Amino acid sequence: MGFFYDHEREFKDYYTSDSPPFEVLKEPSQRKIVCSILSQNGRVEEDLFGQENLEDVVDRLFDLNQRKIPLYNRWVKREGNKKRSLSVPKKELRKLLEYFREFVKRKDVHENCHGGESSWSPRKSLETHLPCNCAFSFDLESAFENLTIEKVFGLVYEMLDGLNYEDRRNISGFFATICTIDYDGKRGLPQGSPISMALFNRIFYPLDELLFQKSDERRIHYSRWVDDLTLTSTDEKGIEEFMGAVDLATGYFPVARGKMFFQKEGIIYLLGHKIIDNVVLKNTKEEKLMNKSPPVNYDDWFGENKTKNYEPW
């Protein structure tokens, strides 16, 4: 099944054409459109560019590309036993992406999408779930990496609906390219870029809305904190009543098989917090690891030899 904001035909047409991404900065009319998009946020250029104007920064970015200098600084950051791959855009690209982020933010996020959005915190997000009798949560797999250039292209293409086909296709391809990095042969969103979260949340709007509607029909409350999806109910519900959400999400995006949790008795641990008697409190990582229920066995529900059944959503 495809993802929302699919424009597969236009995407394939672009990447089989003779229009390399940075060619839009050489073609006067398309360059003008790019600069117009970057300056539509109503901010004074000096806010981000200091003494340089937008045209100069675009020229420097084009020069980096022509000299085949990587546009991102990439390294691996170790956090305890985990490794996190970071990709931070070079100065010239970062400035453009900060401008482009303001353009992307014109697209709405879902009201139940909280992570990475202003005015939201994990505690505030969880308080929307109160009162809470039981909770089911699951994660998306390698979320930024798996949100590929095709999906970014699709969102940008949707937002540039006032352009002619060639300009719309080429400029969408340019922005999709500078907003993504290579992951062993496929391009996805980088961790460490100022544009990634804004794109991620807006591309997910249709799936957020679908999960919200299907949850609401079942008296279940849904929210998403970046790649962590939370579903709760005030009613007495069994785990099988939540599994349709995983099946639904998997049709559009990979799900982390070892990160599904169902909690209904005692303390409920979610998003670095705990819910006790319908009060959200901070908890330590050590406490969570010691007391949180073990993950649900994915194969029991969705494996080739599954042993448990649920009602599809």
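Quantities reported herein were computed from a predicted structural model and do not represent experimental measurements. The chain is numbered in sequence order, starting from 1.
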Only counting residues at least two apart or in another chain, list the ones meeting ring-ring contact (aromatic ring centres under 6.0 Å, His included) with Tyr14. none
Give, for atom OG of Ser29 and atom CG of Asp167, the distance between the pair rounded to the nearest 0.5 Å. 5.5 Å
Between Glu311 (side chain only) and Gly244 (backbone N and O only), is there a donor and an acceptor less than 3.5 Å apart? no
Salt bridge present between Glu98 and Arg94 (N-O < 4.0 angstrom): yes
Side-chain heavy atoms nearer than 4.5 Å, only ILVMFWY residues, links allowed to pass through others: does that put Phe242 and Tyr252 together? yes
Parallel, tilted or perpendicular: which describes the rings of Phe302 and Tyr298, with under 30° parallel and over 60° perpendicular? tilted
Taking the inter-plane angle between the rings of His129 and His221 on a 0 to 90° scale, is it parallel (under 30°), tilted (30 to 60°) or perpendicular (over 60°)? perpendicular
Could you tell me the separation between the NZ atom of Lys124 and the OG atom of Ser223, rounded to the nearest 0.5 Å? 13.0 Å
Can the ring centres of Phe11 and Phe153 be said to be less than 6.0 Å apart? yes
Would you name the heavy atoms of Leu64 and Leu71 that are closest together and state the gap between them? CB-CD2, 3.9 Å
Quick one: CG on Asn133 to CD1 on Ile275, what's the gap to the nearest 0.5 Å? 11.0 Å
Quick check: does any side chain N or O of Arg168 sit under 3.5 Å from a backbone N or O of Tyr157, one acting as donor and the other as acceptor? yes
Report the C-alpha distance between Arg202 and Glu117 in whole Å, list the side-chain angles of each, state the deciding distance to 0.1 Å, and finish with yes or no for salt bridge (charged side-chain N to carboxylate O under 4.0 Å, His left out). CA-CA 11 Å; Arg202 283 150 184 83; Glu117 297 301 314; 3.6 Å; yes
Cation-aromatic face contact Lys90/Tyr72, 6.0 Å, 45 degrees: no
Residues Arg31, Val58; criterion side-chain contact (heavy atoms from CB on, under 4.5 Å); working and verdict: CA-CA 9 Å; Arg31 177 189 173 103; Val58 169; 3.6 Å; yes
Between Arg219 and Asp235, does any NZ, NE, NH1 or NH2 come within less than 4.0 Å of an OD or OE carboxylate oxygen? yes
Output field: ring centroids Phe100/Phe175 closer than 6.0 Å: yes
For Glu166, is there any backbone N or O sitting under 3.5 Å from a side-chain donor or acceptor partner on Asn164? yes
Would you compute the distance between atom CD of Gln30 and atom CG of Leu25 and round it to the nearest 0.5 angstrom? 9.5 Å
Glu158-His7 side chain donor-acceptor pair, cut-off 3.5 Å: yes
For Val246, is there any backbone N or O sitting under 3.5 Å from a side-chain donor or acceptor partner on Thr250? yes
Which pairs, with at least one residue in residues 169-196 and sequence neighbours excluded, count as a side chain to side chain donor-acceptor pair (under 3.5 Å)? Asp13-Arg169, Tyr15-Thr177, Arg84-Gln191, Asn146-Lys186, Thr180-Arg187
Here the gap from Leu126 atom CG to Thr230 atom OG1, rounded to the nearest 0.5 Å, amounts to 6.5 Å
Note: Glu209-Lys214 ion pair, threshold 4.0 Å (strictly below): no
Go through Arg224 and Tyr222 one step at a time and tell me if the side-chain contact (heavy atoms from CB on, under 4.5 Å) criterion holds. CA-CA 7 Å; Arg224 179 173 59 80; Tyr222 163 80; 3.5 Å; yes
Separation between OG (Ser215) and CH2 (Trp313), nearest 0.5 Å, reads 3.5 Å
Verify the distance criterion only: is there a donor paired with an acceptor across the side chains of Tyr165 and Glu10 at less than 3.5 Å? no
With side-chain hydrogen bond (donor to acceptor under 3.5 Å, both in side chains) as the test, would you mind laying out the steps for Tyr310 and Glu241 before giving the verdict? CA-CA 7 Å; Tyr310 63 92; Glu241 296 181 73; over 6 Å; no
Decide ring pair (Phe, Tyr, Trp, His ring centres under 6.0 Å) for Phe204 and Phe200; before the verdict, give the C-alpha distance in whole Å, the side-chain angles of both, and the deciding distance to 0.1 Å. CA-CA 6 Å; Phe204 262 87; Phe200 188 89; 4.7 Å; yes
